[in-house]
Amino acid sequence: MGIIGVPAGWPADEEAALAVQRELRERLVLDEEGPAAGEGHVTGLDVAYDDGRDLVAAAAVVLDAATLEVVEEATAVGRVSFPYVPGLLAFREVPTVLAALASLTADPGLLVCDGYGVAHPRGFGLASHLGVLTGRPSIGVAKNPFTFSHDEPGPERGDFAPLLDGGEEVGRALRTRRGVKPVFVSAGHRISLAGACAHTLALAPRYRVPETTRRADALCRRALAEALAAERS
DNA sequence: GCGACAG
DNA sequence: ATCTTGTCGC
């Protein structure tokens, strides 16, 4: 497997990225309930970076939603395609993540992304972006509240408080473990917010972060370490 | 104008 | 995201 280059025509600056984001946003579908939690497949996606060498490694891990056992894993290594700009995260991760997804044999089912979906300055975060490009249902589970505000959710697993963008509920601060900081869930594409939260809880029976993200996180770090070792030889 | 800001 | 040791607790 070689290193994925930056795609031809990829946005070169923020202005171009904003234009692409605006176009793709029109294809976002938010009136579907989405797949039921605990059924079919769920795929965790994550990336790791080496800014010095301009490398990004992506992982896609397909789990059986009922047992949380690994069905299939895939990785891809690419060149960093965009700087980190809050609100434009997708342009940094998408090419390599898509390459990892494309090499899967199994049906990915629901895409579970590290970051936000519709809870985003322009309603089109990473999870929505990947959902639209693949046509698949997707959700975003972030570890930080980004620019949104929320009240403290109750202390029990399953307790939540709305994530607010002005007065609108764009996501939820959801507690997956008693007494532990919540995660921040939003719908990405072709799923409801309630469905996104149900999936998140089903995927996090024991740890704060969903099993999908934990698996994908470990795998992309491994892939990055291997790519770095290979590039030196 | 200044600071904050998913990963 | 990433740079980083030990340490408190289940």
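Here is the naming used below: chain letters follow the sequence lines, and residue numbers restart at 1 for every chain.
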Residues in ring-ring contact (aromatic ring centres under 6.0 Å, His included) contact with A:His129, at least two apart in sequence or another chain: A:Phe91, A:Phe124
Using a 4.5 Å cut-off between side-chain heavy atoms of Ile, Leu, Val, Met, Phe, Trp and Tyr, which other residues end up in the same hydrophobic cluster as A:Leu164? none
[X]: what forms a side chain to side chain contact (heavy atoms under 4.5 Å, CB included) with it, not counting sequence neighbours?
X: A:Val6; value: A:Trp10, A:Arg79, A:Ser81
X: A:Arg190; value: A:Val29, A:Glu32, A:Pro137
X: A:Pro210; value: A:Val141, A:Thr200, A:Leu203, A:Thr212, A:Thr213

Salt bridge (Lys or Arg N to Asp or Glu O under 4.0 Å): pairs with one or both residues in residues 191-215 of chain A, sequence neighbours excluded: A:Glu211-A:Arg214, A:Glu211-A:Arg215
Which pairs, with at least one residue in residues 217-228 of chain A and sequence neighbours excluded, count as a salt bridge (Lys or Arg N to Asp or Glu O under 4.0 Å)? A:Asp217-A:Arg221
Does A:Arg122 CZ have over 12 foreign heavy atoms under 6.0 Å away? yes
CD (A:Glu15) with more than 12 external heavy atoms under 6.0 Å: no
With a strict under 4.0 Å distance from non-hydrogen atoms of chain A, what nucleotide opens and what nucleotide closes the contacted stretch of DNA chain C, reading 5' to 3'? C:dA1 to C:dT2
Show me, range against range, the stems involving DNA chain B, built from at least 3 consecutive Watson-Crick or G-U pairs below 3.5 Å. none
Answer with yes or no whether the side chains of A:Tyr49 and A:Glu93 bring together a donor and an acceptor at under 3.5 Å. yes
Here the residues of residues 212-227 of chain A within 4.0 Å heavy-atom distance, strictly under, of DNA chain B are none
What string of B, S and - do you get for nucleotides 1-7 of chain B 5' to 3' if you count protein non-hydrogen atoms under 4.0 Å? ----BBB
Please tabulate, one pair per line, all N/O donor-acceptor pairs under 3.5 Å involving side-chain atoms of residues 55-63 of chain A, not counting sequence neighbours.
none

Would the A:His150 and A:Phe160 ring centres measure less than 6.0 Å apart? no
